[in-house]
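Everything on this sheet refers to the single structure shown next.
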Number of protein chains: 2
Amino acid sequence: MNEPANWSEHSARQITAAGLRRSTPRQRVIDLLADRDCAVTALEIDAELEGVGRATVYRAIEQLEDLGLVRKVDLGSSAHGYEKIEPSGHHHHHIVCDDCGKVEPFEDEALEEAIHDIHRKGFRLESHEVTLHGHCADCS
Amino acid sequence: MNEPANWSEHSARQITAAGLRRSTPRQRVIDLLADRDCAVTALEIDAELEGVGRATVYRAIEQLEDLGLVRKVDLGSSAHGYEKIEPSGHHHHHIVCDDCGKVEPFEDEALEEAIHDIHRKGFRLESHEVTLHGHCADCS
DNA sequence: ACTGATACTGAGACTAATTCTCATTTAGTG
DNA sequence: CACTAAATGAGAATTAGTCTCAGTATCAGT
């Protein structure tokens, strides 16, 4: 459908184009995000990447966010999650079980259309985030 | 349109029905939330209510959340916001300016319909949260 | 390849948000 | 009024995220 392996390269290129350098630690953060198809928290990344400092993880995420390569999502837990943004614009939203915290991605075309039809004077809209809450089968 | 003054009483009744006691500090948290039409953070509530402990504020919010009387919303800032849930089901979502952090409520019928049409096996859906991101007129 | 300017880094101090603990108080029942 | 368990406030503890700074590494220009 899309080429997930390419997001990493695409991001590396964008980083360079923005006048930033190609550093190993930042590239490792990019590669980890490229691997994941759903949200990861900054501290998870930090824990998973030995030898990469916390500050570097947060800085890399911030830069990727500024370049429109990563999106921040809130899933009810205390920590924010981050996930890559496909250049194609293709994306998903999240369903969260309020009991066990399980998160599942979902996509819905009608929802996207409804959101794209929303206009608000005084605002230039750029992105959106939808989270559905409920109880999963195990917790019902 | 609806009777905002009643949410407070409604909540007090639900609290009692759940076997909890009627305490003054918790009632003050409820009254403050009843007064606000958009999200407030826990620490704002704590700061505003002299004589009510931080722990009590967080506990009250948690109980109200469990009873379906309050909803947690994430608006990009580090702290979560909380707002009352009208018994009528009437609610709004949020538009956030990613530059200055300004938050505005909005409502959209077509969006609500699209969301209500979403079904996901293995999940009993109960609520949803939509956040639109962009740049406000002042920051464009 | 060498060098200089400076972006980038990791460690850990720091701040902010939230949760926990516990001794004391208080609501509601009998 | 007395009793019991829920509820409270103070502040310690934990967790998430930010900041500082001295050392390191990238890259452009030789």
Side-chain angles (χ1 to χ4, degrees), chain A residues 11-33 39-67 69-83 98 101 103, chain B residues 11-33 39-67 69-83 98 101 103:
Chain A
S11 299
R13 237 175 287 125
Q14 295 293 110
I15 286 282
T16 307
L20 303 173
R21 293 176 181 172
R22 278 177 150 284
S23 78
T24 311
R26 181 158 50 207
Q27 189 58 46
R28 290 182 65 198
V29 172
I30 292 175
D31 289 342
L32 188 149
L33 282 162
V40 211
T41 68
L43 292 176
E44 275 164 16
I45 298 176
D46 179 49
E48 204 145 325
L49 297 181
E50 293 227 6
V52 176
R54 228 192 343 277
T56 300
V57 171
Y58 280 103
R59 278 185 292 238
I61 289 172
E62 192 186 1
Q63 293 162 333
L64 293 168
E65 253 194 297
D66 288 347
L67 291 171
L69 296 164
V70 152
R71 145 186 27 253
K72 185 198 297 191
V73 300
D74 173 62
L75 301 169
S77 74
S78 42
H80 283 123
Y82 297 92
E83 56 190 23
D98 287 338
V103 175
Chain B
S11 299
R13 237 176 286 126
Q14 294 294 110
I15 285 282
T16 307
L20 303 173
R21 294 178 180 171
R22 278 177 150 283
S23 77
T24 311
R26 181 157 51 207
Q27 189 58 45
R28 289 182 64 196
V29 172
I30 293 175
D31 288 343
L32 188 150
L33 282 162
V40 212
T41 69
L43 291 177
E44 276 164 13
I45 297 176
D46 179 48
E48 205 146 323
L49 297 181
E50 294 228 6
V52 176
R54 234 191 338 275
T56 300
V57 171
Y58 279 102
R59 278 186 293 237
I61 289 171
E62 192 186 0
Q63 292 162 333
L64 292 167
E65 254 193 296
D66 289 347
L67 292 171
L69 296 165
V70 152
R71 144 183 31 252
K72 185 199 297 192
V73 299
D74 174 61
L75 302 170
S77 74
S78 43
H80 283 123
Y82 297 92
E83 56 190 23
D98 286 340
V103 174

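Reminder, nothing fancy here: chain letters follow the sequence lines and each chain counts from 1. Here the structure is a predicted model, which means the values were calculated and not measured.
For the pair Asp46(A) CG and dG10(C) C1', the computed distance is 10 Å after rounding to whole Å. Leu43(B) has its CG atom 15 Å from the C1' atom of dG9(D), to the nearest Å. Summarising the geometry, the separation between CD on Glu62(A) and P on dA16(D) is reported as 19 Å, rounded to the nearest angstrom. As rounded to whole Å, 13 Å separates atom C1' of dT18(C) from atom CD of Glu65(B). Computed from coordinates, the Ile61(A) CD1 to dG17(D) P distance equals 9 Å when rounded to whole Å. The distance from atom CZ of Arg26(B) to atom C1' of dT25(C) is 14 Å, rounded to the nearest whole Å. Regarding Leu20(A), its CG atom lies at a distance of 13 Å from the C1' atom of dC27(D), rounded to whole Å. As a whole-Å value, the separation of Arg28(A) CZ from dG10(C) P is 9 Å.
Where Ala79(B) and Thr24(B) each meet DNA chain C at their nearest nucleotide, the meeting point lying more 5' is that of Ala79(B). Positionally, the nearest nucleotide of DNA chain D for Pro25(B) lies more toward the 5' end than for the other of Pro25(B) and Arg54(B). Positionally, the nearest nucleotide of DNA chain D for Gly53(B) lies more toward the 5' end than for the other of Ser78(B) and Gly53(B). Between Ala42(B) and Ile15(A), the residue anchored nearer the 5' end of DNA chain C, judged by the nucleotide with its closest heavy atom, is Ile15(A).
We find the CG-CG distance between Asp98(A) and Leu75(A) to be 11.0 Å, quoted to the nearest 0.5 Å. The structure places CD1 of Ile15(B) at 8.5 Å from CD of Gln27(B), a figure rounded to the nearest 0.5 Å. Atom CD of residue Glu62(A) and atom CG of residue Leu67(A) lie 10.5 Å apart, to the nearest 0.5 angstrom.
Within the 4.0 Å cut-off from OP1 or OP2 of dG9(D), at least one side-chain nitrogen or oxygen of Thr56(B) is found. The shortest distance between the side-chain N/O atoms of Ser23(B) and the OP1/OP2 oxygens of dA27(C) is not below 4.0 Å. For Tyr58(A), a side-chain nitrogen or oxygen approaches OP1 or OP2 of dG17(D) to under 4.0 Å. OP1 or OP2 of dT18(C) lies within a sub-4.0 Å distance of a side-chain N or O belonging to His80(B).
Residues Glu48(A) and Val40(A) are not in side-chain contact: their nearest non-hydrogen atoms beyond the backbone lie 4.5 Å or more apart. Counting only heavy atoms from C-beta outward, the side chains of Leu69(A) and Leu33(A) never approach each other to under 4.5 Å.
Not a single donor-acceptor contact under 3.5 angstrom links the side-chain atoms of Arg59(A) to the base of dG17(D). Residue-to-nucleotide contacts include a donor-acceptor pair under 3.5 Å from the side chain of Arg21(B) to the base of dA5(D).
Checking dT8(D), dA27(C), dT26(D) against every side-chain atom of Arg22(B), the shortest atom distance belongs to dA27(C). For Ala55(A), the side-chain atoms get nearest to dT20(D) when compared with the rest of dT20(D), dG17(D), dA17(C).
Here Gly51(A) lies in heavy-atom contact (under 4.0 Å) with sugar-phosphate atoms only.
Between the side chain of Arg28(B) and the backbone N or O of Glu50(B), at least one donor-acceptor pair lies under 3.5 Å.
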